[in-house]
Number of protein chains: 2
Amino acid sequence: MQPAPAISRDAPPEAPSDAPSARQQAVLDAVLALMVEGGDPFTMDAVARRASCSKESLYKWFGDRDGLLTATVRWQASRVHAAREAVDVLDAATLRETLQDFAASWLAVVTSPTSVALNRIAIGHAGSGKSNLGGIVLANGRFAIGARVKPVLEAGRAAGLLAFDDPETAFRTFFGLVGRDIQIRLLLGDAIPLDAGAIRRDAARAVAQFLALYGQPA
Amino acid sequence: MQPAPAISRDAPPEAPSDAPSARQQAVLDAVLALMVEGGDPFTMDAVARRASCSKESLYKWFGDRDGLLTATVRWQASRVHAAREAVDVLDAATLRETLQDFAASWLAVVTSPTSVALNRIAIGHAGSGKSNLGGIVLANGRFAIGARVKPVLEAGRAAGLLAFDDPETAFRTFFGLVGRDIQIRLLLGDAIPLDAGAIRRDAARAVAQFLALYGQPA
DNA sequence: GCAGTACCGTACGGTACGGTACGCCTCCGT
DNA sequence: ACGGAGGCGTACCGTACCGTACGGTACTGC
């Protein structure tokens with residue numbers, strides 16, 4: 001394993017280049033649909049057929065296969081990013097609720113077939129160097145949610161509701177309590193039944209555990 | 001995504017068939033070395049060249065490419081499985097130490113280049129059905145460690161040191177506290193510096209947090 | 001010595017896939 | 001009306017790789 005490039009932390013990359021046109025967005029949606037359906041080795045022919053466009057157009061628009069994959073990852077990321085809500089943590093109930101929202105939405109994303117398929121592709125690519133999809137996925141997934149949660153944690157600390165030294169460390173604990181073994185099991189093909197109710201309960205449990213570890217006794 | 005097959009829980013598969021001969025073990029070690037070096041798309045030619053054997057022998061011994069991968073996963077698993085130590089949790093210090101050992105060895109395994117490479121291959125395969133490497137990896141990784149830790153947790157509960165309802169749930173929390181975001185970041189190509197000292201500290205922190213959540217006040 | 005076996009090295013067939021070229025259609029501006 | 005641009009469908013090329021076949025070699029039992 002060659003020394004992997006470090007991932008740009010803290011900074012969600014947010015649309016570094018031109019946004020795709022409507023037609024190209026349709027193509028990218030077709031790519032995502034193909035990925036989710038799985039099974040296929042994800043050939044350019046399949047994309048062209050599915051999107052009803054010619055391969056030549058694919059290569060004109062996205063350069064090559066990696067460009068198409070990169071554009072797809074960015075496209076999916078642009079849709080997942082919710083609006084960055086204002087951080088106004090005043091009391092314990094608001095803090096808990098905010099963290100539960102983050103936990104639940106993160107679980108929903110991570111367990112979605114789209115995320116699983118995309119992460120699988122990115123992980124497969126991470127093995128053989130060239131064009132780090134993995135970096136993009138990390139920046140828009142793990143690090144993006146970290147960048148959004150940490151201000152909340154710091155606001156909670158400022159309000160005397162939480163106690164921790166390093167926001168990063170606190171967030172990583174939060175991340176572990178929320179995700180546990182879910183993502184690796186899904187990536188490896190295990191079928192975990194997880195409906196909206198289970199996600200809500202999991203989020204509540206994770207936040208309760210996190211507050212038990214980092215909460216300040218009023 | 002087709003309905004993924006459920007993974008056989010609780011039961012570590014432990015050497016379902018004949019053990020490979022010495023020569024075959026050498027081949028499997030060559031496979032692991034190739035995987036760790038990465039970069040290559042992992043061709044059968046490369047394996048034959050690296051192992052100084054003919055492709056014909058590869059096919060005679062392992063059937064096909066998937067058979068070779070499966071044998072490699074099993075081979076690695078057979079080396080990782082430490083002897084199942086006896087469960088004798090009597091006091092809080094022993095419990096803490098035992099859990100820290102599990103956490104540290106798990107972190108060491110998960111962060112090893114071999115594990116990363118193997119998980120990448122298995123995850124890539126999990127996408128396209130056929131021959132679930134993912135199931136084998138899960139059975140020998142996540143579920144094997146779970147099967148080994150849960151008796152410890154139950155012994156701790158029997159000794160009045162821990163309080164929980166479901167051992168599985170408690171273990172999953174433990175798993176999350178130990179692993180956090182490490183595995184997904186490594187799989188996606190992020191370089192996390194993690195030497196033996198950091199692993200020891202991480203293990204101690206995770207166990208301290210776990211005991212804070214599930215420990216009984218003496 | 002000699003058949004038999006196991007295996008290495010290599011060459012080969014078949015196929016799948018990335019990437020390119022070309023014909024034709026549709027739409028748009030003038 | 002008409003020329004051009006953009007784009008779809010398809011045919012095509014080169015290459016990589018899985019799986020097999022074949023020649024050559026070392027070793028074993030008789």
Side-chain angles (χ1 to χ4, degrees), chain A residues 18-35 37-73 75 117 120-122 124-133, chain B residues 18-35 37-73 75 117 120-122 124-133:
Chain A
D18 43 357
S21 73
R23 183 74 183 94
Q24 293 169 6
Q25 290 179 11
V27 170
L28 296 180
D29 282 330
V31 171
L32 286 174
L34 268 184
M35 285 180 176
E37 283 171 22
D40 330 272
F42 192 72
T43 136
M44 297 293 276
D45 279 291
V47 172
R49 237 174 303 130
R50 176 61 162 259
S52 293
C53 73
S54 71
K55 286 209 296 178
E56 190 165 10
S57 300
L58 289 183
Y59 285 102
K60 166 178 291 200
W61 292 332
F62 303 104
D64 59 357
R65 191 171 182 274
D66 272 358
L68 177 60
L69 290 177
T70 303
T72 303
V73 170
W75 169 236
R120 281 199 185 128
I121 305 253
H125 250 255
S128 41
K130 59 172 191 165
S131 97
N132 65 340
L133 285 182
Chain B
D18 44 357
S21 73
R23 184 74 184 92
Q24 293 170 6
Q25 290 180 10
V27 170
L28 296 180
D29 282 331
V31 171
L32 287 174
L34 266 185
M35 284 180 177
E37 283 170 23
D40 331 274
F42 192 72
T43 141
M44 297 293 277
D45 279 292
V47 173
R49 236 174 302 130
R50 175 61 162 260
S52 291
C53 74
S54 73
K55 286 209 300 175
E56 190 165 8
S57 301
L58 288 184
Y59 285 101
K60 166 178 291 200
W61 292 333
F62 303 104
D64 60 357
R65 190 170 183 273
D66 273 356
L68 177 59
L69 291 176
T70 303
T72 303
V73 170
W75 170 236
R120 282 199 184 129
I121 305 255
H125 253 253
S128 40
K130 60 173 189 167
S131 98
N132 65 338
L133 285 181

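Labels below follow one simple rule: chain letters A, B, ... track the order of the sequence lines, proteins then strands, and each chain is numbered from 1. Atom set for the values below is all heavy atoms of this structure, side chains included, hydrogens, waters and symmetry mates excluded.
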Taking every non-hydrogen atom, the tightest pair across [X] and [Y]:
| X | Y | answer |
| --- | --- | --- |
| B:Thr72 | B:Val31 | OG1-CG1, 3.4 Å |
| A:Leu58 | A:Ala48 | CD1-N, 3.9 Å |
| A:Arg65 | A:Tyr59 | N-CE2, 4.5 Å |
| A:Leu28 | A:Ala71 | CD1-O, 3.8 Å |

Distance, nearest 0.5 Å, that separates CG of B:Asp64 from CE of B:Met44: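 Atom-to-atom, B:Asp64:CG and B:Met44:CE are 7.5 Å apart.
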OG on A:Ser57 to CD on A:Gln24, rounded to 0.5 Å: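 Result: 9.5 Å between the selected atoms.
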Between the protein and nucleotides 26-28 of chain C, are there any N/O to N/O pairs under 3.5 Å, and if so, what are the atom names and distances?
none

Between [X] ([atom1]) and [N] ([atom2]), how many Å, whole number?
| X | N | atom1 | atom2 | result |
| --- | --- | --- | --- | --- |
| B:Tyr59 | C:dG14 | OH | C1' | 13 Å |
| B:Met44 | C:dT10 | CE | P | 17 Å |
| A:Leu58 | C:dT20 | CG | C1' | 13 Å |

B:Leu69 and B:Met35: CA distance, side-chain angles, deciding distance, side-chain contact (heavy atoms from CB on, under 4.5 Å) verdict: CA-CA 10 Å; B:Leu69 291 176; B:Met35 284 180 177; 3.5 Å; yes
Residue pairs fulfilling salt bridge (charged side-chain N to carboxylate O under 4.0 Å, His left out) with at least one residue in residues 43-63 of chain B, sequence neighbours excluded: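 Those involving residues 43-63 of chain B are B:Glu37-B:Arg50, B:Asp45-B:Lys55.
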Between protein and nucleotides 5-9 of chain C, what N or O pairs are separated by less than 3.5 Å?
unit_1 : atom_1 : unit_2  : atom_2 : d
C:dC8  : OP1    : B:Arg23 : NE     : 3.2
C:dC8  : OP1    : B:Arg23 : NH2    : 3.1
C:dC8  : OP2    : B:Ser54 : N      : 3.3
C:dC8  : OP2    : B:Ser57 : OG     : 2.8

